[in-house]
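Below, chain A is the first sequence line, B the second, and so on; all start at residue 1. Note that the coordinates shown come from a computational prediction; the quantities given were computed from them, not determined experimentally.
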Protein chains: 2
Amino acid sequence: MAVGSSRIASRTAADGEVTDGLRVDARRNRERILTAAREVFAERGIDAPMATVARRAGVGVATLYRRFPTRDDLVRAAFARQMDLCGRVLAEAVDDPDPWHGFRRLIETVCALQQEERGFPAAFLLAFPDTTQEHTRACEHGERAFATLVRRAQAAGALRPDFHPSDLLVMLLANCGLVAALPGDGAASGRLVAYLLEAFRAEPARGALPPPSAVRLRDFSGPFPKELRREC
Amino acid sequence: MAVGSSRIASRTAADGEVTDGLRVDARRNRERILTAAREVFAERGIDAPMATVARRAGVGVATLYRRFPTRDDLVRAAFARQMDLCGRVLAEAVDDPDPWHGFRRLIETVCALQQEERGFPAAFLLAFPDTTQEHTRACEHGERAFATLVRRAQAAGALRPDFHPSDLLVMLLANCGLVAALPGDGAASGRLVAYLLEAFRAEPARGALPPPSAVRLRDFSGPFPKELRREC
DNA sequence: TGCCAAGTGGACGGAACCATCCACTTCTGG
DNA sequence: CCAGAAGTGGATGGTTCCGTCCACTTGGCA
């Protein structure tokens, strides 16, 4: 996690700056492109052809490329809202008087977002590796905030003492893979999150699990889920 | 899991049949191609260009395509050994007098394989969705075997009663994503497996975890890990 | 040994996508 | 209203990869 509330402000401000110098028609096109990108990314993943986004936006490719010189720029901009949401939830979690509740809500929120918004998991990671000072700072701020949350939850005796902040990333990446393999199967992601939250608790106790997923190996029909080809 | 020992036999037999009708030079080339494919897949993932495999094997593309008409055929053949290993471990697990030990070993083995052999996670899934009767049967045999293992482990009071066989697939897919995102980071996969095995136990107890991964968000440098682009 | 079926390699056409370039259109300030 | 700066679209060349085709080579059997 590396999104702090500070990021929200700076992101929004930067967005304003980007938009401000634009002619009104250009600004309108920019919005159209972002809307189209969100739709197309949701349908076909963040590797959908740029031309598809442009067509959907009713705009030429050149316009798209001028506004967003690289695909990454487009992805970042398209998922800025979700990133902000993550930042807000992290901030809330740190302020939560019950640190475990905050911890739990943070994890559940981000994992649900990964589940619901196709393309977001990739965008999530994409948002950080940025050479700009601003991003590096936001990244570190987020990490510090999460580390604080972890320490508080451990001090409260709710989170196991050997939980390491990097475990969050491990969990998010795992969930990312799961979601990629089973788009739309909320049950699978829900199960993973429930299991891991139990494992993260200091007081080992078995609670009720959400219903299991209905996946079976044979459900991987046809040649192969393209989403998984590249990765493994 | 859908690999039974029956599969090993049939696979090997089928392989023999495939090979038997071949002229000696063709058989040699087939082996060369498989060796090259293993190397190339390990280096560049299972979506590496077919031409690269062919070149590495010192063979023309036509030869490759005649022997393995589709990429999936090649992938399946290249990872047949690992699939067999999975089948053997499943068979051993079912026969293990301590069902939890078998269950644990099965999971750890497959996850370690996913971690160590790039391309294998994809191949693993790829091996199943097959329209042939043989594969469907092998698949069902494996599922039955694993279900038996689960039941026995639950009866022994080691595995939590609400564990569902589909959770295995959930776990493997999650690990698959993790491994894809962090190739070479055994610690991350180890942590995930340790957490989940704890969560799967009937008797909740906190054991020692393997050391945490050193991943940090900022480690996702450069544009973006290509392995993850497609998937999310 | 010689025939020919089996096997082979690489050229080739086609598809998908990227990202640039440039002639044309549209805003906007004076 | 009009000049020119800002913005635009789509044609275009380039790259990568796929998968087939066909003229040539090679192994094995009579």
Side-chain angles (χ1 to χ4, degrees), chain A residues 17-37 40-41 43-78 119 122 126 222-224 226-227 229-231, chain B residues 17-37 40-41 43-78 119 122 126 222-224 226-227 229-231:
Chain A
E17 284 162 32
V18 167
T19 307
D20 277 349
L22 260 47
R23 235 165 62 176
V24 293
D25 55 339
R27 201 175 318 188
R28 191 181 53 236
N29 277 343
R30 190 175 184 278
E31 276 316 306
R32 276 191 188 183
I33 289 172
L34 283 177
T35 303
V40 171
F41 289 161
E43 286 164 21
R44 316 194 18 186
I46 64 166
D47 263 349
M50 296 293 255
T52 306
V53 175
R55 208 177 321 118
R56 173 90 56 126
V59 135
V61 272
T63 305
L64 197 164
Y65 276 104
R66 189 167 334 94
R67 216 50 70 202
F68 304 98
T70 74
R71 178 187 299 278
D72 287 2
D73 294 325
L74 180 59
V75 172
R76 259 191 276 268
L126 195 55
F224 196 63
K226 267 186 194 155
E227 293 78 16
R229 298 215 72 115
R230 272 277 142 72
E231 61 166 316
Chain B
E17 283 163 30
V18 167
T19 307
D20 277 350
L22 258 48
R23 237 165 59 177
V24 292
D25 54 341
R27 201 176 319 189
R28 191 182 52 236
N29 277 342
R30 189 175 184 278
E31 278 315 306
R32 276 191 187 182
I33 289 171
L34 283 177
T35 303
V40 171
F41 288 161
E43 286 165 20
R44 317 196 13 186
I46 63 166
D47 263 350
M50 296 293 255
T52 305
V53 175
R55 207 177 321 121
R56 173 90 57 126
V59 134
V61 272
T63 305
L64 197 165
Y65 276 105
R66 189 168 335 92
R67 217 48 71 202
F68 305 97
T70 72
R71 176 188 300 277
D72 288 2
D73 294 324
L74 179 58
V75 172
R76 258 191 277 267
L126 195 55
F224 195 64
K226 268 189 192 152
E227 293 79 16
R229 300 215 69 117
R230 270 276 144 69
E231 60 166 317

request  = Quickly work out the A/L74 CG to C/dC18 C1' distance and round it to whole Å.
outcome  = 14 Å
note = With sugar-phosphate taken as primed atoms, P, OP1 and OP2 and all else as base, the protein-contact string of nucleotides 21-28 of chain D at under 4.0 Å (heavy atoms; B, S, -) is B----BSS
Side chain to side chain contact (heavy atoms under 4.5 Å, CB included) evaluation trace for A/R44 with A/T52 = CA-CA 10 Å; A/R44 316 194 18 186; A/T52 306; 4.0 Å; yes
task = Measure from OH on A/Y65 to C1' on C/dC22 and round the result to the nearest Å.
result = 17 Å
request  = Start with the C-alpha distance between B/M50 and B/L74, add both sets of side-chain angles, then the distance that settles side chain to side chain contact (heavy atoms under 4.5 Å, CB included), and finish with yes or no.
outcome  = CA-CA 10 Å; B/M50 296 293 255; B/L74 179 58; 4.3 Å; yes
ask   = Touch check for A/R27, heavy atoms < 4.0 angstrom, all strands: base, sugar-phosphate only, or nothing?
value = nothing
ask   = Does B/T63 make a side-chain N or O approach to OP1 or OP2 of C/dG9 shorter than 4.0 Å?
value = yes
request  = Give a yes or no on whether the backbone of A/L22 and the side-chain of A/R27 come within a donor-acceptor separation of less than 3.5 Å.
outcome  = yes
query = Given atom CG of A/D72 and atom C1' of C/dC18, what is their separation to the nearest angstrom?
reply = 14 Å
query = Could you state the CG-P distance from A/L64 to D/dG9, rounded to the nearest angstrom?
reply = 10 Å
ask   = Separation of A/R67 atom CZ from C/dT20 atom P, in whole Å?
value = 15 Å
task = Rounded to the nearest 0.5 Å, what's the gap from CG on B/L34 to CG on B/L64? Could you check?
result = 9.0 Å
request  = Let me know the distance between CZ of A/F68 and P of D/dG7, rounded to the nearest Å.
outcome  = 13 Å
note = Tightest non-hydrogen contact, residues A/I46 and A/F41, listed as CA-CD2, 3.6 Å
ask   = A/N29 CG to D/dA6 P: how many Å, rounded?
value = 17 Å
task = Look at the side chain of A/R71 and the backbone N and O of A/A48, then say whether any donor-acceptor pair between them is shorter than 3.5 Å.
result = yes
task = Could you check which residues of residues 48-59 of chain A get a heavy atom under 4.0 Å from DNA chain C? Sort them by number, please.
result = A/P49, A/M50
query = Which pair of non-hydrogen atoms, one from A/R32 and one from A/A57, has the smallest distance, and what is that distance?
reply = CD-O, 3.4 Å
note = When rounded to the nearest 0.5 Å, the distance separating OG1 of A/T35 from CZ of A/R30 is 11.0 Å
query = When rounded to the nearest 0.5 angstrom, what is the spacing between CZ in B/R76 and OG1 in B/T70?
reply = 6.5 Å
